[in-house]
Amino acid sequence: MSASSPDEVPNEMPDADNALLQTALFKQVSPEEAAQLIPHLRRWSLNKGGTIFREGDVDHRMYILENGRVKLTRTSDDHRVQLLSIHGHGEILGEIPVFDPHGGPRTANAVAMTNNTVVVSLEHDDLFAWLDEHPRVAVDMLQVLAGRMRANNERISDLVFMDVPARLAKTLLDLARRFGEPMEAGLMVPHDLTQEELAQLVGASRETVNKALMDFDNRGWIARKGRSIIIFQPGMLIRRSKR
């Protein structure tokens with residue numbers, strides 16, 4: 001791997017004007033309070049395909065994604081890979097070993113999806129010592145974790161109650177909200193996923209998802225362009241996601 005990894009000597013963090021101060025971990029504290037924690041943060045830059053952490057690792061670090069995109073995957077006993085989720089700027093990764101009192105191994109792999117993906121890590125002991133000094137930040141952390149739990153519960157509900165086209169429409173709208181780029185014709189969504197990964201994200205077979213994509217395309221709602229999708233009629237996707 002050409003990029004650095006969490007086993008190498010990290011770079012120093014930039015000054016307190018860093019964009020990390022806008023993330024959930026810092027948003028309710030002053031720059032002076034954040035400055036107490038910043039020296040404990042360690043930063044790495046990875047190229048596409050670089051691994052941040054692996055399923056089974058036993059470290060107790062939490063990561064914040066400063067730039068780029070990261071996917072979480074799991075690997076089965078027969079070496080099949082399942083895409084679990086995609087994460088973008090400001091999101092927290094790998095928090096389970098930090099907040100689980102029993103520790104335990106990591107339950108997923110975190111892999112950079114873009115070049116110049118930048119993450120910062122924070123060790124369990126440093127985080128909790130800081131939270132002792134600034135306990136109200138713990139409330140923000142709980143809100144982040146609660147949001148993650150709500151999203152997981154909603155995903156389970158969608159798998160039970162929604163058909164594949166509805167789940168696909170909802171997935172495309174979520175990707176558009178988080179990563180979409182406005183253009184004259186509509187909204188460009190550079191998902192950078194293989195057909196199999198997009199199907200995994202929807203929770204269906206590749207054939208079924210491709211059939212639904214073709215239907216959306218034929219209706220003029222979207223267009224496919226490599227590993228991007230152009231959304232022309234988000235309103236129609238919203239309506240389809242609620243059927």
Side-chain angles (χ1 to χ4, degrees), residues 6 13 18-30 33-34 36-38 40-44 46 51-75 82-113 117-160 167 170-171 173-175 177-179 200-203:
M13 284 293 299
N18 188 274
L20 290 171
L21 298 184
Q22 307 304 316
T23 65
L25 182 60
F26 292 102
K27 67 180 182 180
Q28 297 298 330
V29 300
S30 68
E33 291 170 326
Q36 298 171 18
L37 186 63
I38 284 179
H40 298 286
L41 297 172
R42 297 294 179 264
R43 179 195 239 201
W44 290 276
L46 302 96
T51 300
I52 300 167
F53 55 79
R54 292 179 173 84
E55 187 176 352
D57 286 353
V58 293
D59 65 282
H60 293 86
R61 299 187 190 103
M62 183 179 72
Y63 295 86
I64 305 171
L65 181 51
E66 183 180 347
N67 186 63
R69 273 178 285 165
V70 170
K71 60 183 177 182
L72 296 186
T73 67
R74 292 196 70 169
T75 305
Q82 174 71 38
L83 176 64
L84 302 177
S85 57
I86 297 174
H87 299 271
H89 164 73
E91 296 189 40
I92 294 174
L93 305 170
E95 72 280 359
I96 293 177
V98 176
F99 291 97
D100 182 353
H102 302 293
R106 293 196 177 277
T107 58
N109 309 291
V111 181
M113 298 180 65
T117 292
V118 179
V119 296
V120 296
S121 67
L122 181 61
E123 296 285 351
H124 169 280
D125 291 347
D126 295 327
L127 173 61
F128 275 75
W130 187 67
L131 289 176
D132 284 342
E133 296 293 327
H134 309 289
R136 69 182 181 278
V137 182
V139 175
D140 295 313
M141 298 299 299
L142 287 173
Q143 290 175 346
V144 171
L145 297 178
R148 190 77 55 86
M149 290 180 62
R150 182 187 297 274
N152 288 338
N153 288 340
E154 186 172 344
R155 178 176 171 81
I156 293 170
S157 178
D158 290 348
L159 289 171
V160 174
R167 297 204 303 270
K170 189 172 182 177
T171 298
L173 289 167
D174 178 63
L175 292 173
R177 176 181 59 83
R178 299 166 66 199
F179 308 118
Q200 290 172 3
L201 201 59
V202 174

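All of these numbers come straight from a predicted model, not from anything done at the bench.
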Could you measure the distance from the [atom1] atom of [X] to the [atom2] atom of [Y]? Nearest 0.5 Å is fine.
X: Asn109; Y: Thr73; atom1: CG; atom2: OG1; answer: 4.0 Å
X: Leu201; Y: Lys71; atom1: CG; atom2: NZ; answer: 11.0 Å
X: Leu145; Y: Glu95; atom1: CG; atom2: CD; answer: 5.5 Å

Closest approach of [X] and [Y], non-hydrogen atoms and distance?
X: Phe99; Y: Met62; answer: CE1-SD, 4.1 Å
X: Leu159; Y: Val202; answer: CD2-O, 3.9 Å
X: Gly56; Y: Pro105; answer: O-CB, 3.6 Å
X: Met113; Y: Ile86; answer: SD-CG2, 3.8 Å

Please list, chain by chain and in numerical order, all residues satisfying side chain to side chain donor-acceptor pair (under 3.5 Å) with [X], sequence neighbours excluded.
X: Thr107; value: none
X: Glu123; value: Arg61
X: Gln143; value: none

Can a donor-acceptor pair be found, under 3.5 Å and without considering hydrogens, that links the side chain of [X] to the backbone of [Y]?
X: Ser157; Y: Asn153; value: no
X: His89; Y: Asn67; value: no
X: Glu133; Y: Trp130; value: no

In chain order, what residues pass the salt bridge (charged side-chain N to carboxylate O under 4.0 Å, His left out) check against [X], with sequence neighbours excluded?
X: Glu154; result: Lys170
X: Arg106; result: Asp59
X: Asp174; result: Arg177, Arg178

*Does His40 have any ring pair (Phe, Tyr, Trp, His ring centres under 6.0 Å) partners at least two apart in sequence or in another chain, and if so, which?*
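None.
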Counterpart residues, side chain to side chain contact (heavy atoms under 4.5 Å, CB included), relative to [X] (two or more places apart):
X: His124; value: His60, Val98, Phe128
X: Gln82; value: Leu84, Gln200
X: Asn152; value: Arg148
X: Ala110; value: Ile52, Phe53, Val70, Leu72

*Can you find a pair of side-chain heavy atoms, one from Leu122 and one from Ile64, that are under 4.5 Å apart?*
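The answer is no, as the side chains (C-beta and beyond) never meet within the 4.5 Å cut-off.
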